[in-house]
Amino acid sequence: MNSGVFKSARPLAAAAAVLAFSVLPALAQETTPAAPIMDKGDVAWMMTSSLLVLFMALPGLALFYGGLVRAKNILSILMQTTMIAAVMMVVWVVYGYSFAFGGSDNPFFGGFGKLFLSGVTLESMSATFTSGVVIPEYLFITFQMTFAAITPALIIGAFAERVKFSAVVLFSVLWATFVYFPVAHMVWDANGYLFKMGAIDFAGGTVVHINAGIAALVGCIMIGPRKGYGKDMMAPHSLPLCLIGASILWVGWFGFNVGSNLESNAGATLAMINTFVATAGAILGWSLIETLHRGKASMLGAASGMIAGLVAITPACGTIGPVGAIALGALASAICYVFVSAVKNRFGYDDSLDVFGIHGVGGIVGALGTAIFSAGALGGIKGDDYSIGAQFMIQLTAVVITVVWTGVASAILFKIVDLIVGLRVKSEIETQGLDQPTHGEVAYHS
Amino acid sequence: MNSGVFKSARPLAAAAAVLAFSVLPALAQETTPAAPIMDKGDVAWMMTSSLLVLFMALPGLALFYGGLVRAKNILSILMQTTMIAAVMMVVWVVYGYSFAFGGSDNPFFGGFGKLFLSGVTLESMSATFTSGVVIPEYLFITFQMTFAAITPALIIGAFAERVKFSAVVLFSVLWATFVYFPVAHMVWDANGYLFKMGAIDFAGGTVVHINAGIAALVGCIMIGPRKGYGKDMMAPHSLPLCLIGASILWVGWFGFNVGSNLESNAGATLAMINTFVATAGAILGWSLIETLHRGKASMLGAASGMIAGLVAITPACGTIGPVGAIALGALASAICYVFVSAVKNRFGYDDSLDVFGIHGVGGIVGALGTAIFSAGALGGIKGDDYSIGAQFMIQLTAVVITVVWTGVASAILFKIVDLIVGLRVKSEIETQGLDQPTHGEVAYHS
Amino acid sequence: MNSGVFKSARPLAAAAAVLAFSVLPALAQETTPAAPIMDKGDVAWMMTSSLLVLFMALPGLALFYGGLVRAKNILSILMQTTMIAAVMMVVWVVYGYSFAFGGSDNPFFGGFGKLFLSGVTLESMSATFTSGVVIPEYLFITFQMTFAAITPALIIGAFAERVKFSAVVLFSVLWATFVYFPVAHMVWDANGYLFKMGAIDFAGGTVVHINAGIAALVGCIMIGPRKGYGKDMMAPHSLPLCLIGASILWVGWFGFNVGSNLESNAGATLAMINTFVATAGAILGWSLIETLHRGKASMLGAASGMIAGLVAITPACGTIGPVGAIALGALASAICYVFVSAVKNRFGYDDSLDVFGIHGVGGIVGALGTAIFSAGALGGIKGDDYSIGAQFMIQLTAVVITVVWTGVASAILFKIVDLIVGLRVKSEIETQGLDQPTHGEVAYHS
Amino acid sequence: MKYVIAVIKPFKLEEVREALGGLGVQGITVTEVKGHGRQRGHTEFYRGAEYTVSFVPKVKLELAVDEAIADKVIEAIQLAGQTGQIGDGKIFVLPLEQAVRIRTGETGAAAL
Amino acid sequence: MKYVIAVIKPFKLEEVREALGGLGVQGITVTEVKGHGRQRGHTEFYRGAEYTVSFVPKVKLELAVDEAIADKVIEAIQLAGQTGQIGDGKIFVLPLEQAVRIRTGETGAAAL
Amino acid sequence: MKYVIAVIKPFKLEEVREALGGLGVQGITVTEVKGHGRQRGHTEFYRGAEYTVSFVPKVKLELAVDEAIADKVIEAIQLAGQTGQIGDGKIFVLPLEQAVRIRTGETGAAAL
Ligand SMILES: Nc1ncnc2c1ncn2[C@@H]1O[C@H](COP(=O)(O)OP(=O)(O)O)[C@@H](O)[C@H]1O
Ligand SMILES: Nc1ncnc2c1ncn2[C@@H]1O[C@H](COP(=O)(O)OP(=O)(O)O)[C@@H](O)[C@H]1O
Ligand SMILES: Nc1ncnc2c1ncn2[C@@H]1O[C@H](COP(=O)(O)OP(=O)(O)O)[C@@H](O)[C@H]1O
């Protein structure tokens with residue numbers, strides 16, 4: 001994955017994103033290489049990575065968000081996350097994989113070639129970044145499927161506690177179709193628009209976090225703030241659940257970031273150490289700022305820093321060094337902190353669980369910071385011919401394109417969903433909590 | 001494992017289930033192959049798989065069940081699960097492994113050859129499905145041990161909130177000895193009765209889920225319904241705990257299903273994608289049916305569908321295709337839904353956490369569905385010489401044999417346990433909750 | 001890792017602990033071996049192991065401890081664990097790795113050679129126990145970093161519910177610097193003092209558990225008992241959280257123990273089965289003793305046995321057999337039980353979450369038991385030239401040195417921290433609970 | 001008007017509510033409480049620590065009733081709440097001077 | 001002195017407290033309770049099981065007040081607690097014979 | 001008979017119960033409540049949001065006692081519950097007209 005991203009980082013890597021080697025001679029025509037190698041160690045790691053990303057969604061993200069809402073709404077969060085993951089997996093098999101990686105040479109669309117995974121067999125292989133090294137295509141499909149399953153679920157935190165269940169499900173499918181699959185194709189496919197531009201996005205900061213963060217902002221503005229927002233007590237109903245979720249996100253994120261290396265090699269271990277220490281730096285950063293600003297470091301602050309750091313290191317983890325990673329994490333925390341604690345209150349939008357404030361903002365910090373910290377002089381792996389300024393402009397362009405694409409498209413899709421099923425529950429339901437009216441259940445009994 | 005299952009699926013696979021290659025020349029006499037290969041990637045994946053199955057039991061299953069009972073009984077569930085896992089691991093080392101895989105050529109019994117793991121050393125290797133590829137025998141023992149540890153724990157959900165702790169422990173040991181080990185031998189050992197019959201059971205739908213599901217039904221009927229059943233409020237005390245458990249079961253189930261491939265190769269990745277999407281299909285299925293039937297999709301419903309899908313895909317994951325997997329998952333949800341919400345109420349047995357309704361019924365749907373969806377025409381990997389009808393009859397026979405064996409034996413064992421220690425706690429204890437009287441603890445304090 | 005430990009266990013293993021093969025010819029001078037081999041299966045397993053150890057800390061340990069305190073203090077535990085992990089990761093990159101494994105030939109100190117990981121690149125490799133087999137140095141650094149991150153967090157359980165947050169953070173950094181890094185160097189580095197002595201400590205029972213357990217005892221004595229200790233009700237506020245934590249510790253501990261093998265081979269699988277069954281033996285042991293002593297087996301008892309067994313098997317898992325492991329686990333439970341339920345009350349120290357009673361005592365039982373059960377006659381892998389008595393004396397010496405070092409140094413460091421920021425919160429804060437006054441948050445709302 | 005306070009065993013709540021419903025009494029306010037009385041509590045062990053819990057979970061009912069039916073209400077609670085075993089609880093009757101329905105502002109018996 | 005007990009909708013608590021604050025009434029004790037009355041509960045489904053929950057979450061306020069302001073207090077609660085929809089709750093007034101401030105031992109109106 | 005209601009600091013419960021036990025008073029019903037009074041609450045922060053919590057956790061005791069010992073009971077609670085710091089709580093005494101023991105049907109002082 002992320003071949004485009006990686007092209008400049010590792011000149012030896014095959015540019016090809018996903019090739020099916022179902023018939024080996026076919027390949028031989030082009031390069032007469034040795035037979036492509038499928039290493040069982042790569043397969044083991046990529047299978048583990050796929051599970052880790054599932055683990056991020058369920059129960060990771062579900063708990064992280066679920067702990068933050070009031071007890072009367074937790075089931076709605078858990079259910080929305082579960083349902084989005086399930087729907088996206090089915091959609092992925094039916095047309096998502098094809099739309100993103102279906103093999104067309106259009107820069108925005110993967111085509112209809114692999115609807116229902118047609119043509120994929122036990123023998124189909126996908127390329128990695130090392131020439132001649134492949135993994136089973138079923139594995140590539142699975143790994144990518146987990147990304148598609150979690151991304152729309154990130155968005156729901158912004159309008160938690162008031163959105164209609166049917167609206168969430170419908171929006172997710174539409175958004176995946178018109179935003180996620182195209183952007184994934186643009187960034188990760190060898191023919192993709194941003195891929196060709198040379199943007200560095202190791203594990204999907206643009207596709208996943210900026211994409212979801214901006215959609216979240218648009219959504220919470222269009223749906224409007226929660227009843228009683230800014231007046232009623234809306235403290236998280238269970239911070240322990242929230243920390244369980246955040247910790248699982250951290251552990252699972254290694255599937256996301258390190259798995260994006262597609263191979264179990266030294267490059268993977270660099271992505272790993274960076275994903276550890278950027279997060280550590282971000283936790284420290286957030287807690288320090290909070291201590292300076294408020295006199296106390298909160299556990300929710302540490303958890304928020306954790307996520308901010310993970311978001312920021314996502315595009316950068318393959319090309320920067322550990323010391324740079326610590327700095328990038330801390331920087332992301334500082335900037336996200338400002339958005340979450342000042343900008344949001346200033347503008348009055350109710351991004352309930354700070355999806356924009358952390359995923360959107362952290363994603364942008366990460367995308368731009370990648371340009372800076374990838375430089376060899378700052379501990380990155382880029383050599384002498386690397387220009388921070390030039391790369392920064394490429395990263396900025398990728399960010400702007402993504403922000404505009406997802407911003408405009410999300411606004412249109414929210415409007416459509418509003419017209420079809422309505423975005424928001426009735427006021428009495430919001431007061432009572434979404435769980436019983438929408439799902440017929442109550443989370444806690446004695 | 002599951003060699004028998006796989007024989008027709010992959011004709012190249014070695015039929016041998018577990019061979020110890022402690023002296024390599026010994027092997028050379030038979031086939032003069034190259035020295036057997038132990039690939040570190042296989043070892044890495046199988047170690048990961050073993051942990052995933054442990055994770056399913058603790059805390060996965062414990063929480064899934066624990067969240068569903070009332071707060072006064074949660075510790076009893078957590079404790080029963082923990083204790084069963086611990087007892088079974090010790091029993092496995094002492095005689096379980098030998099009874100199941102001890103090397104005898106009896107079709108129902110593995111013999112006494114490996115009591116206390118005698119003869120197993122760092123050099124002992126077990127065969128996989130690929131000729132010449134082996135894994136350390138300690139690893140095969142460990143992987144299989146985790147299956148033995150979780151299976152009896154599945155049963156306890158059927159008579160939760162009223163069973164005696166001592167009865168659970170005693171029953172589990174007896175049941176493992178007289179039901180689980182023999183059935184495991186029958187299905188998974190090269191000399192096993194069902195193995196030779198040609199039943200397809202990739203990861204143990206018969207041995208684990210049908211086996212446990214039927215024992216559960218027998219148990220809950222013999223123990224009788226909970227006091228106040230059908231009258232008192234018995235809502236789950238914590239659905240969030242329940243979803244954490246269900247999600248961990250999903251994640252861990254990949255150890256179960258994909259690990260059953262014994263190798264980290266393309267076949268494993270097919271089992272993996274199927275385990276993803278069947279579950280997704282089942283979640284959607286259950287939620288859709290619930291929406292049609294009741295007007296609301298519940299989170300517990302989604303979690304129930306999740307488990308039903310996982311159960312159903314267990315035997316099928318190695319031989320069907322992803323689209324078939326989605327269909328099989330949805331089908332399992334539909335049928336389990338009927339049992340859980342109509343059949344149970346109609347007949348009045350109190351299968352408290354729906355072990356029969358989901359594991360038993362889902363297991364049977366999976367076993368029979370495997371025959372159908374394995375056909376190449378339906379996306380499976382079986383070729384032209386495959387007959388759905390013939391395979392269906394084999395699967396049905398395997399199901400019937402298992403149902404009868406476990407049904408009869410379980411009834412006898414429950415009776416014996418009743419005579420020795422009694423199955424059910426005193427009425428006052430049931431009212432008070434099992435936790436304090438049985439374990440001297442209360443789950444929650446302020 | 002643990003080369004020293006392993007030297008006698010596997011004579012073939014390379015003694016070298018951490019060598020950077022950045023320039024391959026440099027190595028050629030010594031042995032003219034074939035080019036060192038980095039196997040992707042090893043990398044896959046070691047990456048997984050690193051994540052498992054992170055998972056132990058967050059959320060494993062955090063929940064295990066967090067569930068045991070009163071609701072008003074849970075966030076303080078979660079926050080301390082998170083903050084220690086984050087701080088230690090940053091410290092590790094800055095100077096910890098260098099102090100422990102910086103390449104100096106001093107027996108107590110690794111030197112300043114690798115401050116800020118200087119000189120480490122994508123090409124740097126670290127040796128394993130098999131000659132010619134290497135793993136990326138970034139991976140070795142990461143794996144070891146997770147050990148450094150969790151160890152100081154173990155200590156905090158002893159003085160939970162009354163210690164100052166700033167004191168915990170400051171103490172952790174000092175303790176890591178003056179106790180953990182030196183002891184890690186002594187035990188694991190090829191030039192380390194205890195390494196050369198021939199002590200067997202497969203996965204760090206000395207460095208991690210005895211080290212932390214003794215520091216914990218010193219800490220809780222110096223800080224004094226909780227207000228109302230022995231009088232007020234201080235029951236765990238959530239045993240389910242505690243069991244989630246304990247189970248995650250069990251699962252994660254395989255990263256700890258099996259990862260310490262550095263390779264994904266048969267030796268790893270022995271460490272794995274031992275880590276399974278010793279824990280099972282310990283669970284049974286604790287529950288049995290409790291049943292005999294009190295008439296009831298408690299869930300907290302089973303969880304405590306789980307941890308005691310894991311601690312005890314840590315040094316032993318590479319050199320003993322599964323039956324010995326069961327016995328060692330049961331033995332550890334028996335002895336820990338005495339400390340936790342009798343010795344503690346007798347002497348009146350308030351080791352709140354029994355860090356000394358389980359990690360300290362269990363660690364010592366494990367270190368000494370390793371000498372016994374490693375003997376071939378008792379199922380271990382040691383040959384005829386092995387002397388239990390001689391090894392026992394070596395183990396005892398290693399234990400005594402560690403106890404004295406950590407005991408004295410910890411006392412001095414606690415004193416220093418007391419002088420700088422104070423160890424204990426004000427009495428009113430202790431009554432109110434640490435969460436709101438220290439972190440500005442309350443764990444649970446409705 | 002009388003203000004009746006009853007402390008009962010938690011699992012008797014539904015039966016008592018039904019008995020009151022039988023008398024036409026609908027308005028009830030229920031609180032989860034802990035009781036101390038003749039009924040002993042229990043002992044809990046957590047590793048080395050043993051705690052004696054002297055309080056037992058109970059449910060408290062409060063209902064404002066018209067003088068006329070007070071006796072029937074008391075009798076109904078007493079009968080439905082009884083198990084005959086220690087810890088069945090108590091009924092207390094206090095004088096009630098005024099009652100107001102918040103929704104309508106109605107007062108007195110009309111508000112009950 | 002009067003002992004005023006009010007059962008209100010939970011989300012009205014803050015408004016009622018402010019209204020009382022406006023009258024200079026500070027001392028209040030609040031309990032989370034479940035109410036049964038005209039307002040219907042709801043139905044919950046858990047797989048095959050359907051439960052009708054007849055109790056609705058409410059908040060109970062207790063406040064001891066001087067005779068002189070009792071009427072104003074009642075009025076304030078009634079106004080602030082009102083939504084006009086069923087289930088708004090009740091106010092009950094009981095006679096209060098004595099009040100003691102634990103900290104100082106003060107009694108009577110001085111203790112309120 | 002008197003119905004005594006006392007609001008105290010939670011960590012004082014055990015001491016107060018013992019003091020009452022010393023007087024031979026066994027029957028008590030306890031509720032976890034939140035109090036508002038002179039004692040200030042606290043402030044909580046959750047990312048951008050700051051909440052002022054004006055209620056403080058308290059424990060409410062209810063006990064029906066015989067007229068004869070009412071004063072001693074009040075005194076015992078006041079002494080045992082006192083810390084001297086703001087927020088120690090209040091004791092309220094209401095008239096009690098009737099008491100019934102559910103188990104036996106006994107009434108009046110015999111039921112206490
Ligand atoms: N004098 C009292 N005042 C308030 N509550 C009481 C009083 N006596 C008993 N109770 C409540 O009634 C419950 C049952 O009382 P107990 O003495 O245990 O049983 P019994 O009434 O059957 O003798 C107690 O747990 C307590 O909640
Ligand atoms: N007679 C009563 N005694 C005690 N509590 C009552 C009584 N009547 C009503 N309540 C309380 O007031 C709440 C609201 O009453 P309800 O009848 O639902 O609404 P409304 O007063 O608007 O008609 C109930 O849930 C219950 O808690
Ligand atoms: N008038 C009152 N009515 C009901 N409860 C009261 C009243 N005044 C005080 N309380 C209760 O007593 C508690 C302590 O009161 P507070 O004014 O804080 O302290 P102090 O009595 O020491 O001045 C309050 O939190 C509240 O629960």
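Throughout, protein chains are lettered first and strands after them, A, B, ... in sequence-line order, and every chain is numbered starting at 1.
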Which portion of [X] sits near chain C, non-hydrogen atoms under 4.5 angstrom:
{"X": "B/Thr146", "answer": "side chain"}
{"X": "B/Val442", "answer": "backbone"}
{"X": "B/Ile248", "answer": "neither"}
{"X": "B/Ile74", "answer": "side chain"}
{"X": "B/Val93", "answer": "side chain"}

Next item on the list: For B/Gln436, check side chain to side chain donor-acceptor pair (under 3.5 Å) against everything at least two apart and list the hits.
Entry: B/Gln432
Can you tell me how far apart [atom1] ([X]) and [atom2] ([Y]) are? Round to the nearest 0.5 Å.
{"X": "C/Asp39", "Y": "B/Asp39", "atom1": "CG", "atom2": "CG", "result": "6.5 Å"}
{"X": "C/Met306", "Y": "B/Leu58", "atom1": "CE", "atom2": "CG", "result": "5.0 Å"}
{"X": "C/Leu243", "Y": "B/Leu63", "atom1": "CG", "atom2": "CG", "result": "7.0 Å"}
{"X": "C/Ile244", "Y": "B/Leu241", "atom1": "CD1", "atom2": "CG", "result": "5.5 Å"}

At a heavy-atom distance under 4.5 Å, which candidate from [options] has the highest pair count against chain B?
{"options": "C/Pro236, C/Ala246, C/Gly301, C/Ser247", "result": "C/Ser247"}
{"options": "C/Ala297, C/Ser238, C/Ala235, C/Gly255", "result": "C/Ala297"}
{"options": "C/Ala44, C/Gly305, C/Ser298", "result": "C/Ser298"}
{"options": "C/Gly295, C/Gly252, C/Gly41, C/Gly67", "result": "C/Gly41"}

Notebook entry, point to check: In chain order, what residues pass the ring pair (Phe, Tyr, Trp, His ring centres under 6.0 Å) check against B/Phe165, with sequence neighbours excluded?
Noted result: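 Here the qualifying residues are B/His439.
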Check: Is the shortest heavy-atom distance from the side chain of C/Met299 to the side chain of B/Ser76 under 4.5 Å?
Finding: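 Sidechains of B/Ser76 and C/Met299: no contact.
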Notebook entry, point to check: Taking C-beta and beyond as the side chain, do B/Val43 and C/Asn265 meet within less than 4.5 Å on heavy atoms?
Noted result: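 With C-beta onward as the side chain, the pair stays apart.
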Notebook entry, point to check: Where along residues 271-284 of chain C does a heavy atom come under 4.5 Å of chain B, listed by residue number?
Noted result: C/Met272, C/Ile273, C/Phe276, C/Val277, C/Ala280, C/Gly281, C/Ile283, C/Leu284
Taking all heavy atoms of [X] and all of [Y], pick out the closest pair and write down the distance.
{"X": "B/Met83", "Y": "C/Ala302", "value": "CE-CB, 4.4 Å"}
{"X": "B/Leu78", "Y": "C/Pro240", "value": "CD1-CA, 3.9 Å"}
{"X": "C/Ser264", "Y": "B/Met38", "value": "O-CE, 4.2 Å"}

Checklist line | B/Phe116 atom CZ: more than 12 heavy-atom contacts under 6.0 Å | finding: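 Not buried by this count: 12 neighbours or fewer within 6.0 Å.
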Checklist line | Criterion side-chain contact (heavy atoms from CB on, under 4.5 Å) on C/Lys72 and B/Ser446, from CA distance to verdict | finding: CA-CA 8 Å; C/Lys72 62 187 178 182; B/Ser446 61; over 6 Å; no
Item checked: Step-by-step side-chain contact (heavy atoms from CB on, under 4.5 Å) determination, C/Val323 to B/Leu117 -> CA-CA 8 Å; C/Val323 178; B/Leu117 308 187; 5.8 Å; no
Next item on the list: Might you work through the side-chain contact (heavy atoms from CB on, under 4.5 Å) test for C/Arg70 and B/His445, ending with a clear yes or no?
Entry: CA-CA 7 Å; C/Arg70 287 165 287 176; B/His445 292 88; over 6 Å; no
Next item on the list: Give the C-alpha distance, both sets of side-chain angles, the deciding distance and a yes or no for side-chain contact (heavy atoms from CB on, under 4.5 Å) between C/Val133 and B/Lys40.
Entry: CA-CA 12 Å; C/Val133 174; B/Lys40 286 175 159 183; 3.8 Å; yes
Item checked: Sorted by number, residues from residues 45-56 of chain B in contact with chain C (heavy atoms, under 4.5 Å) -> B/Met47, B/Thr48, B/Ser50, B/Leu51, B/Leu54, B/Phe55
Item checked: Contacting moiety of C/Val258, where chain B heavy atoms sit under 4.5 Å ->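 For C/Val258, side-chain heavy atoms alone lie under 4.5 Å from chain B.
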